[in-house]
Amino acid sequence: MAGLALAGAASAAAPAAAQQAADTVAAIRARGYLLCGIAGQVPGFSAPDSRGEMRGLDADSCRTVASAIFGDANKVRFVATTSQNRFTALQSGEIDMLVRNTTWTLTREASLGFEFATVNFYDGQGFMVKASSGVTSARQLAGASICVQPGTTTELNMADYFRAQNIAFTPVVIETVEEVQKAFISGRCDAYTTDASSLASFRMTQGANANQYLLLPEIISKEPLGAVVRKGDWKFFDIVRWAHFAQLTAEELGITSQNIGTFTDSNNPDVQRFMGRTGDLGKMLGLAPEWAVNVVTQVGNFGEMWERNITPMGVQRGINNLWTKGGLQYAPPLR
């Protein structure tokens, strides 16, 4: 899930990087909705609920951008992508942006013609085993078969880790997340590796059987996950980035979707700029003065998104907390 293998990436990248950037915002407005690439089957990040509504942190990140552009979080259409076709979908214009548990790397920005506008989840790659195996550390996986998706940074990280540890293993390479998980459950492989957040998501979906699966303590990589756009369309890049920063700023200021109306007459200059009363920030972005208000009113601040989507998975906020609480989430000034 975490990424496209470097081999073959460069060959597809040159044309995309060389193309003149289109006006994505104009295309979105003319179309009447945002096209957002997601995974579509990862609980906590993007998966349909019992009513068929797409839910999760990534899905809400898409809604955040729709709220900023249209003032309407519902003006987004979700496009399910795989780990192998997601980048082609973005390069070709099939989608406007990609928010699919996708790791920010140098290769993807320098060779694929993309820019990472935000990080909505600071993650790392982990391993899961069956609790009955008795394995409690990745260092005990000598000779193990390990399920992994092809063409991903997950596959590369795994190879690097075991090579550095001088541990022999057998990769079991399977195309889709669903098939990987089925293979792991059925015993076709001894362990399953991907981003730790996705492992926690998978474990949560097992319900009463969740305790049968153990997430090992080793985290073997840095996986900053977030929103990706095409390189060169800086107007759209700015909107995607600052819509995320607006959510972080709202959380810092104590503004939520429930109490935002009480801040209308605030004398705090930071709040006045946020509410669109001063500063002309919306105009600078080509948006309505109340763009940030729309984001928080309709989607919530970042903490609300986290509580709604990630907390039920049993994942602590940790390094994804605000910088004021020891985390890495930090918004530059809205001014």
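Owing to the predicted nature of the structure, the values given are computational and were not obtained by experimental measurement.
- Across all their heavy atoms, Leu215 and Ala196 have their closest contact at CD2-O, 4.3 Å.
- Listed by chain and residue number, Arg55 satisfy the salt bridge (charged side-chain N to carboxylate O under 4.0 Å, His left out) test with Asp49 (two or more places apart in sequence, or in another chain).
- At least one donor-acceptor pair closer than 3.5 Å links the side chain of Glu304 to the backbone N or O of Ser257.
- Checked by atom type, the side-chain pair Ser137/Glu218 shows a donor-acceptor distance below 3.5 Å.
- Shortest non-hydrogen contact noted between Ala68 and Ala243 is CB-CB, 4.2 Å.
- Contact record, Ser145 with Cys189: OG-CA, 3.2 Å, taken as the closest heavy-atom pair.
- With Asn301 contributing its side chain and Ile255 its backbone, the two residues share a donor-acceptor pair below 3.5 Å.
- Residues Arg108 and Thr153 meet the side-chain proximity criterion, which asks for heavy atoms closer than 4.5 Å.
- Thr193 is listed as a side-chain neighbour of Gln125, based on a closest heavy-atom distance under 4.5 Å.
- With hydrogens and angles disregarded, a donor-acceptor distance shorter than 3.5 Å links the side chain of Glu155 to the backbone of Gly151.
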Determine, step by step, whether Cys62 and Phe78 satisfy the side-chain contact (heavy atoms from CB on, under 4.5 Å) criterion, reporting the C-alpha distance in whole Å, the side-chain angles of both residues, the deciding distance to 0.1 Å, and the verdict.
CA-CA 8 Å; Cys62 299; Phe78 298 103; 3.7 Å; yes
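- Classification of Asp96 and Arg31 as a salt-bridged pair holds, one side-chain N sitting under 4.0 Å from a carboxylate O.
- Remark: Gln316 CD is loosely packed, at most 12 non-hydrogen atoms of other residues, nucleotides or ligands lying under 6.0 Å away.
- A donor-acceptor pair is defined here as one N or O able to donate and one able to accept, closer than 3.5 Å; no such pair exists between the side chain of Gln212 and the backbone of Ala131.
- If you chain together hydrophobic residues whose side chains sit under 4.5 Å apart, Val271 and Leu334 fall into the same group.
- The two residues Ile174 and Pro150 come nearest to each other via the heavy atoms O-CD, 3.0 Å.
- Met313 and Leu216 fall into different hydrophobic clusters, where Ile, Leu, Val, Met, Phe, Trp and Tyr are joined by side-chain heavy atoms under 4.5 Å apart, directly or via other members.
- Residues Thr249 and Phe274 are in side-chain contact: their nearest non-hydrogen atoms beyond the backbone lie under 4.5 Å apart.
- Two residues are said to be in side-chain contact when any heavy atoms from C-beta on lie closer than 4.5 Å; Asp270 and Glu252 fail this criterion.
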After noting the C-alpha distance and the side-chain angles of Thr256 and Asn259, does the key distance pass the side chain to side chain donor-acceptor pair (under 3.5 Å) rule?
CA-CA 5 Å; Thr256 72; Asn259 68 13; 3.2 Å; yes
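- Between Arg100 and Ser83 the shortest side-chain heavy-atom distance falls below 4.5 Å.
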With ring pair (Phe, Tyr, Trp, His ring centres under 6.0 Å) as the criterion, how do Phe70 and Tyr33 come out once you've worked through the C-alpha distance, each side chain's angles and the decisive distance to 0.1 Å?
CA-CA 8 Å; Phe70 292 109; Tyr33 52 86; 8.4 Å; no
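- Each of Leu106 and Leu112 belongs to its own hydrophobic cluster when Ile, Leu, Val, Met, Phe, Trp and Tyr are linked at side-chain heavy-atom distances under 4.5 angstrom.
- Counting non-hydrogen atoms of other residues, nucleotides and ligands closer than 6.0 Å to CZ of Arg77 gives a total of 12 or fewer.
- No side-chain donor-acceptor contact under 3.5 Å links Glu94 to the backbone of Leu90.
- Between Asp233 and Arg230 there is no salt bridge, since no side-chain N of the basic residue sits under 4.0 Å from a carboxylate O of the acidic one.
- To the nearest 0.5 Å, atom CG of residue Leu141 and atom CD of residue Gln165 are 11.0 Å apart.
- A donor-acceptor pair is defined here as one N or O able to donate and one able to accept, closer than 3.5 Å; no such pair exists between the side chain of Gln272 and the backbone of Thr278.
- Residue pairs satisfying the side chain to side chain donor-acceptor pair (under 3.5 Å) criterion with at least one member in residues 56-68, sequence neighbours excluded, are listed as follows: Asp58-Asn120, Asp60-Arg63, Asp60-Arg308, Asp60-Asn309, Ser61-Asn120, Thr64-Gln247.
- Residues Val180 and Tyr213 are members of one and the same hydrophobic cluster, defined by side-chain heavy-atom contacts under 4.5 angstrom among Ile, Leu, Val, Met, Phe, Trp and Tyr.
- Across all non-hydrogen atoms, the minimal contact from Ala183 to Ser186 is O-OG, 3.0 Å.
- Using a distance-only test at 3.5 Å, with no hydrogens or angles considered, no donor-acceptor pair links the side chain of Thr103 to the main chain of Glu223.
- The ring of Phe245 has its center no closer than 6.0 angstrom to the ring center of Tyr330.
- The aromatic rings of Tyr192 and Phe202 sit perpendicular, their planes meeting at an angle over 60°, well past the 30° parallel limit.
- Between Lys235 and Asp238, none of the side-chain N atoms (NZ, or NE/NH1/NH2) sits under 4.0 Å from a carboxylate O, so this pair counts as no salt bridge.
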Before giving the answer on side-chain contact (heavy atoms from CB on, under 4.5 Å), spell out for Val177 and Gln181 the whole-Å C-alpha distance, their side-chain angles and the decisive distance to 0.1 Å.
CA-CA 6 Å; Val177 174; Gln181 293 171 351; 3.3 Å; yes
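- Both Val299 and Leu253 are part of a single hydrophobic cluster, where members link through side-chain heavy atoms under 4.5 Å apart.
- Rounded to the nearest 0.5 Å, atoms OG1 (Thr170) and CG (Asp190) are 8.5 Å apart.
- Put simply, the side chain of Asp195 never gets that close to the backbone of Ser197: no donor and acceptor are under 3.5 Å apart.
- Between the Thr297 side chain and the Asn294 main chain, no donor and acceptor come within less than 3.5 Å of each other.
- For the pair Val293/Ile260, a side-chain contact is recorded, criterion being any heavy-atom separation below 4.5 Å from C-beta on.
- Residues Gln149 and Glu175 are not in side-chain contact: their nearest non-hydrogen atoms beyond the backbone lie 4.5 Å or more apart.
- Taking the six-membered ring for Trp and the full ring otherwise, Phe127 and Phe162 have centroids separated by under 6.0 Å.
- Between the side chain of Lys130 and the main chain of Ile185, a donor-acceptor pair closer than 3.5 Å is present.
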Would you sort out whether Glu109 and Trp104 count as a side chain to side chain donor-acceptor pair (under 3.5 Å), showing the intermediate values?
CA-CA 8 Å; Glu109 285 199 337; Trp104 184 356; 3.1 Å; yes
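- In this structure, Trp306 and Phe121 have parallel ring planes: the angle between them is below the 30° cut-off, well short of the 60° mark.
- Taking 4.5 Å as the limit, some side-chain heavy atom of Phe87 sits within range of a side-chain heavy atom of Leu98.
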Begin from the C-alpha positions of Glu251 and Arg317 and carry the test salt bridge (charged side-chain N to carboxylate O under 4.0 Å, His left out) through to its verdict.
CA-CA 14 Å; Glu251 187 177 2; Arg317 191 159 173 192; 2.7 Å; yes
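- Tyr122 approaches Asn320 most closely through the heavy-atom pair N-OD1, 2.6 Å.
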